[in-house]
> 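Sharing a structure below in structure tokens format, with a few things to ask.
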Amino acid sequence: MSFLEVKNVVKRFDNQSALNNVSINVEKGELVCILGPSGCGKTTLLRTIAGLETTDSGKIFIDGKDATFLPPAKRNFGIVFQSYALFPNMTVMGNVLFGLKQKVRASKAELRRRAEEVLEMVDLTDHSDKYPRQLSGGQQQRTALARAIALSPSFLLLDEPLSALDAKVRTKLRGEIREIQKQLGVTTVMVTHDQEEALTMADKVIVMNNSVVEQVGTPKEIYGNPATNFVAGFIGSMNFLKVDGGIKAIRPERIKLVGRFDTFDLKANVSAVEFKGPLTRVYARTKNAAEVSIELPSQSFDNMNIRAGAQVFLRLPEEHISRYTEAWGEIAV
Amino acid sequence: MRGKSKGQFLLLCLMLAAFVIIMVLPLFALFARAFQDNTGQFVGMANYRAYFANPALSRALWNTINVSLVTTVFSVTLGFLYAYALTRTNIRFKRFFRYMALIPIFIPTIVHAVGLISLFGRQGLITQMGFDIEIFGFIGITLSHIIFTFPQAFLMFFVTLEYADGRLYEAAESMGVKPLTKLFKITLPEIKFTLINAAFVCFTLAFTDFGAPVVIGGGYNVLATDLFVQITGLFNFNMGAVVGTLLLIPAILAFIVNRVTNIANMGAMSAKSTKLKVKKSLARDIFFFAFCSLIVLFFLTLIGALAVRAFTTFFPFNMTPTLGNFQFSPVTGGVGSFFNSVRMSLITATVGTAFVFVYAYVAEKTDGFEFLRKIAKLFSVLPLALPGMVIGVSYIFFFNNPNNPFNFAFGTVGILVMANILSFFSVPYLTIMGALKKLDREFESVSDSMSAPRWKLFTMVTVPLSLPAILETFMYYFVSSMVTISAIVFLYTPRFRVASIAISHMHAEGVFAQAAAMSLLILLVNVVVRLIYEITIHLIKKRRKQA
């Protein structure tokens, strides 16, 4: 049995469905990312696991026990919100101690030692006497994390923990959070709308859309074998090409540019070239006006002498093609 | 229901029950009386027909409308110009002018009238100089009301003009729009709702005020004084109830208009509004500086006139300086009435602040119970439409009934405190609601996840973070209670007289010097309380910035 189990949960707000028969499993020690566009129900799912929202039907099991009607305080989790919700009138130390004082029966010195230990872990020892507004965004985020893990929760919930941060800090913190999570071995559920975040951090990704789970899998599975056209279109870039009886989908970096005398699948005219640093993207249009994008290392591109207007020959390897009945988003002809 | 929700549910019910007792039931008692004869029989509209059939009674209604209309026109115009001067010109001493405009808030309305009498009465300073404007009656009432409603109009316009979006004017400028067009196309639409609301607020305040007409009204009857006479003089409770319900009309209209315009006005102020850059114009600045100075000069003259009266032996015949007028004669309430006022205001401020805070907290932060919370929110704004006079009369009907289990409260300071808490409830409620809404919604969730009880979060986080709003509420309740007279005039007992009542008695007894002295004491206490408040807020802000 999995550590966390959500079974057929339904939740509606004013006749608007937020969770429509959602079931997920989270194994002990795993980091699971719930990924989806805004309004897909991912935050509701997290809050339902926390007990901050009630369910209309369905069940939630924590460590094998039915927790569906358990209040948040009895579920033993730590939580970090996008806003961090740090108490502004307390220092970093005060914030961490607030929960400890409630839950742990121990001497003051003992509690302090525990708090210092956690602050050490998130590298905030030098800042423990500062107030939240004196900290950078990243430091605030780590304070919130410290406060959440101080009580040794049996699982950790992270609600868009990095989205309020600058791109650089975000990348750095991804690694740090993941490291702490592994070190503690704490089961973690994280909600994000940032696919890069989900793909780099998670053991397992749950993709949600329109209140339902679209796919559950490792980052590689999600990216390499999207189960539905939504997952295919939502994660990374995807070419959708109309063929008899449905849609063929292939990622831009899987398309090969070949010479005119090699075997090719498509002939197209380059309409634009976009330099993206290490990679270069080529947009080309087939004779029936479908636009295809191809991505290749900038180094290889430089050797090819391709300009707008040039004719290119494309090979679409069968092993990288997924097939759907419909496209997602922009439909190629 | 979970254990925690049960506690929240009980607290919510308790708050609602409190409001039912201090507002709903007394109002019900008032309306019941208006439709009964003096034996308690239901008589339908008979009392109203009798009221309008009797010109001696109904004339008061037209008089009141008359006074209120003139007051509104003047107050709104002056308030707007004063606010315009402080926001859209480059005059100096803006801060000084802003504080000076608030003087009338710190003294009972009855004192404005007393001050005017000191200037324009038979022995008034200005009358003595040969200008007699016949202050008793229409002119006196209206002038008092203009003084007392001016700060309200000014404050409303000030807020609107201060936060207006300067970019609109810059955009208009870049398109070469003429000044007059700017006035009609930008400024007026911008202040449209404030104008309507300010007009209603001034009209309602003037319509329901009791303090000014009771001393300066002469033979000019208005509703508030009529109500007083019907209840305490003629013991005609049913006719009193009729007058009480008439007093509610403009407030209810104002209330509805306010709701509607608030909804329409939402989102008019975007977060990105930039401050307006005021252009240079010497002529404009001179005009507005002179205007503001005149207003302030008038206020100061009024206070000055009170001071002259208070510190001279027997104005105008014996001008020897004295402190003797501060030895108040016990017949009219004595110095005890002053301390009674302070005591009542302190209790009101303490209990009121705690009540409003818990009330707003429960209405805002409880999980679930949507329906009950909606009722709580509706209750919270209704006191805006309740004039003090109406609260006072309703309380007589409701609490002064031997069968009422709360009858014991009648005749105690408790009922005065209750009336004050209700009377001034809505403004502090909005202040505290605003403060609570600014707190992170997830504090409760985080605290729950740490198994911390809600009261712990409440005392350690919610209350400390709301301290500025709490202090503001305390100050507001204190100052308002110090100057109020309308509800209290029905509810005080000779054993517990407050200062504003004492002033009316001193005036009735002809000891004007003591009335002036008492007025100065009230002003002094209120200014000191306001100062302490400003300094504390300043210190808190400074500390929060440093920390």
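Letters A, B, ... are given to chains in the order of the sequence lines, protein chains preceding strands, and every chain is numbered from 1. The analysis underlying the following values was restricted to heavy atoms, covering all of them including side chains, and did not include hydrogens, waters or symmetry mates.
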> Could you check whether any side-chain heavy atom of A/Pro88 comes within less than 4.5 Å of a side-chain heavy atom of B/Phe443, counting everything from C-beta outward?
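They are in contact (side-chain heavy atoms under 4.5 Å apart), so the answer is yes.
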> Are more than 12 heavy atoms, taken from residues, nucleotides or ligands other than A/Glu179, located less than 6.0 Å from that residue's CD atom?
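For A/Glu179, atom CD is not crowded (no more than 12 foreign heavy atoms under 6.0 Å).
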> Give me the atom names and distance for the closest heavy-atom approach of A/Ala85 to B/Val446.
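Nearest pair, atom of A/Ala85 first, then B/Val446: CB-CG2, 3.9 Å.
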> Does NZ in A/Lys74 sit with more than 12 non-hydrogen atoms of other residues, nucleotides or ligands closer than 6.0 Å?
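Open.
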> Given a strict heavy-atom distance threshold of 4.5 Å, which part of A/Leu86 is in contact with chain B: side chain, backbone, both, or neither?
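Contact with chain B involves the backbone of A/Leu86 alone.
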> Any non-hydrogen side-chain atom of B/Lys456 less than 4.5 Å from a side-chain atom of A/Lys101?
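Side chain of B/Lys456 against side chain of A/Lys101, heavy atoms only: no contact under 4.5 Å found.
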> Would you indicate whether B/Arg373, at its atom CZ, is surrounded by more than 12 heavy atoms from other residues, nucleotides or ligands within a distance under 6.0 Å?
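Atom CZ in B/Arg373 is crowded, with more than 12 foreign heavy atoms closer than 6.0 Å.
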> If you measure from OG on B/Ser445 to CG on A/Leu157, what distance do you get to the nearest 0.5 Å?
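Here the interatomic distance stands at 11.0 Å.
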> Using a cut-off of 6.0 Å, state whether more than 12 heavy atoms not belonging to A/Glu120 lie near its atom CD.
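Atom CD in A/Glu120 is not crowded, with 12 or fewer foreign heavy atoms closer than 6.0 Å.
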> Can you see which heavy atom on B/Pro453 is nearest to which on A/Gln102, and at what distance?
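For B/Pro453 versus A/Gln102, the nearest heavy atoms are CD-OE1, 3.1 Å.
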> Let me know if B/Leu457 has heavy atoms under 4.5 Å from chain A in its side chain, its backbone, both or neither.
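Contact with chain A involves both backbone and side-chain atoms of B/Leu457.
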> Quick check for you: to the nearest 0.5 Å, what is the distance between B/Thr462 atom OG1 and A/Phe87 atom CZ?
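Answer rounded to 0.5 Å: 8.5 Å.
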> Within the side chain of B/Asp448, is there an N or O that forms a donor-acceptor pair under 3.5 Å with the backbone of A/Ala50?
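No, because the side chain of B/Asp448 does not come within donor-acceptor range (under 3.5 Å) of the backbone of A/Ala50.
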> Looking at side-chain heavy atoms only, is the closest gap between A/Ile79 and B/Glu442 below 4.5 Å?
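SC-SC contact between A/Ile79 and B/Glu442 ruled out.
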> For A/Gln183, is the CD atom crowded, meaning more than 12 foreign heavy atoms sit under 6.0 Å from it?
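Check passes, neighbour count above 12.
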> Tell me, side chain or backbone of A/Phe81 under 4.5 Å from chain B's heavy atoms, or both, or neither?
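For A/Phe81, side-chain heavy atoms alone lie under 4.5 Å from chain B.
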> Once you round to the nearest 0.5 Å, how far does OG of B/Ser451 lie from CG of A/Leu151?
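Answer for the OG-CG pair, B/Ser451 versus A/Leu151, is 7.5 Å.
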